[in-house]
Amino acid sequence: MTTRAVDTTRELAAFLRTRRERLDPHDFGLPSRRRSRRTPGLRREEVAELAGVSVDYLVRLEQARGLRPSAEVVEALSRALRLAPDERAYLFDLARPRPRNADRPATAAAPPLARLVADLSPLPAMVMNHRYDMLAWNGEMARLLPDFDTLPPSRRNALWLCLGYPKMRDFYVDRERVVREGIAHLRTAWAAHPEDQVLTDLIAGFTAGDEEFARLWGERDVKVNGRGRKVMRHPGVGPIAVHFETLTPLQDPDQLLVIYRAADDESRSALDRLSAR
């Protein structure tokens, strides 16, 4: 990873290779070969046959020789590689980039969204951009995530809080899953916003300074996690389990509205105690 913007040709090549190598030949009912497999996964000729493209074409794609596959080819490769929906969308973003957004990525919450976040109280809520920068939040969110609102704006980043903020190093019970899913989500944003140099520099900084991030980033997992469950160890009120929902406003598609709600009665009582402070 360098501080250059996304090189979609090279990333597409690497993504195709890693996904091909993850496949199990037995899952495809492929006949056994006389010669042993020297590399994991399917061979290029097997994927090419499944996708209906030439082996030479797939080789050139995997060697980043500047090809720009059509939508039909991308769809065929997605089926051949058995990509999940988020992985398929990621491959399309790499192969056929979206029209460049003339507006700069949001660095402040749209005023109507900031008011909505306040109105959602007592549910903890916040607004983020695609970089995971936290742009607006209500008092309940500030009390739930320890002291993040006292940090400078450059550190109010949800992924940085997990990786680099000592007060939140052990905040999540299933920390590795939270970090892994966050990195997988960040990779989708990286492909969808190849012109965002700030995002690219953020990823480069994480890669250079955090071994855990570098390891997980190198696995090229891709996932958009719009809802789920997290369990937190709050220093003041103890364990809190929440369900979260992430919504994308039509008027401000670069901003994400994140809402937490208690996952059980004990967690609801803990959130009530936080709100009363």
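The first residue in the sequence is number 1, and the count goes up from there. Only heavy atoms go into these numbers, but all of them, side chains included; no hydrogens, no water, no symmetry mates. Here the structure is a predicted model, which is why all the values come from computation and not from measurement.
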For [X] and [Y], which heavy atoms make the closest approach, and how far apart are they?
X: T248; Y: P253; value: CG2-O, 3.5 Å
X: L145; Y: M134; value: CD1-CE, 3.7 Å
X: W137; Y: A142; value: CD1-CB, 3.9 Å
X: D210; Y: F213; value: OD1-N, 2.8 Å

So, are [X] and [Y] salt-bridged, with charged N and O less than 4.0 Å apart?
X: R261; Y: E245; answer: no
X: E181; Y: R177; answer: yes
X: E11; Y: R187; answer: yes
X: E219; Y: R180; answer: yes
X: D170; Y: R175; answer: no

Are [X] and [Y] connected in the hydrophobic side-chain network, where two residues link if heavy atoms are under 4.5 Å apart?
X: L91; Y: Y57; result: yes
X: W217; Y: V224; result: no
X: I259; Y: L144; result: no

Any side-chain to backbone donor/acceptor pair from [X] onto [Y]? Under 3.5 Å, distance only.
X: R156; Y: L151; value: yes
X: R229; Y: A263; value: no
X: E87; Y: A84; value: yes
X: R68; Y: A95; value: yes
X: R169; Y: L163; value: yes
X: Q255; Y: A110; value: yes

Pairing residues for R268 by the side-chain hydrogen bond (donor to acceptor under 3.5 Å, both in side chains) criterion, not counting sequence neighbours: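 If we apply the side-chain hydrogen bond (donor to acceptor under 3.5 Å, both in side chains) test to R268, skipping adjacent residues, the hits are D265.
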Separation of [Y] [atom2] from [X] [atom1] (nearest 0.5 Å):
X: L77; Y: L50; atom1: CG; atom2: CG; result: 10.5 Å
X: L274; Y: D272; atom1: CG; atom2: CG; result: 9.0 Å
X: H130; Y: T188; atom1: NE2; atom2: OG1; result: 10.0 Å

With sequence neighbours excluded, what pairs up with R20 under the salt bridge (Lys or Arg N to Asp or Glu O under 4.0 Å) test?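 Once residues adjacent in sequence are excluded, the partners of R20 under the salt bridge (Lys or Arg N to Asp or Glu O under 4.0 Å) criterion are E62.
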Output all residues satisfying salt bridge (Lys or Arg N to Asp or Glu O under 4.0 Å) with R233, sequence neighbours left out; order by chain, then residue number. none
If you look only at pairs with a residue in residues 154-186, which of them pass as a ring pair (Phe, Tyr, Trp, His ring centres under 6.0 Å), with sequence neighbours excluded? Y132-H185, W160-Y165
Does anything in residues 225-277 form a ring pair (Phe, Tyr, Trp, His ring centres under 6.0 Å)? List the pairs, not counting sequence neighbours. none
We want to know whether N157 and D133 form a side-chain donor-acceptor pair, criterion being a heavy-atom distance below 3.5 angstrom. yes
Taking atom types as modelled and ignoring hydrogens, do the side chains of S267 and D264 form a donor-acceptor contact shorter than 3.5 angstrom? yes
Can you tell me which residue among L135, N129, T246 is in a side-chain contact (heavy atoms from CB on, under 4.5 Å) with L256? T246
If you look only at distance, which donor and acceptor atoms sit under 3.5 Å apart when one is on a side chain in residues 113-128 and the other is two or more places apart or in another chain?
{"residue": "S121", "atom": "OG", "partner": "E140", "partner atom": "OE1", "Å": "3.1"}
{"residue": "S121", "atom": "OG", "partner": "E140", "partner atom": "OE2", "Å": "2.7"}

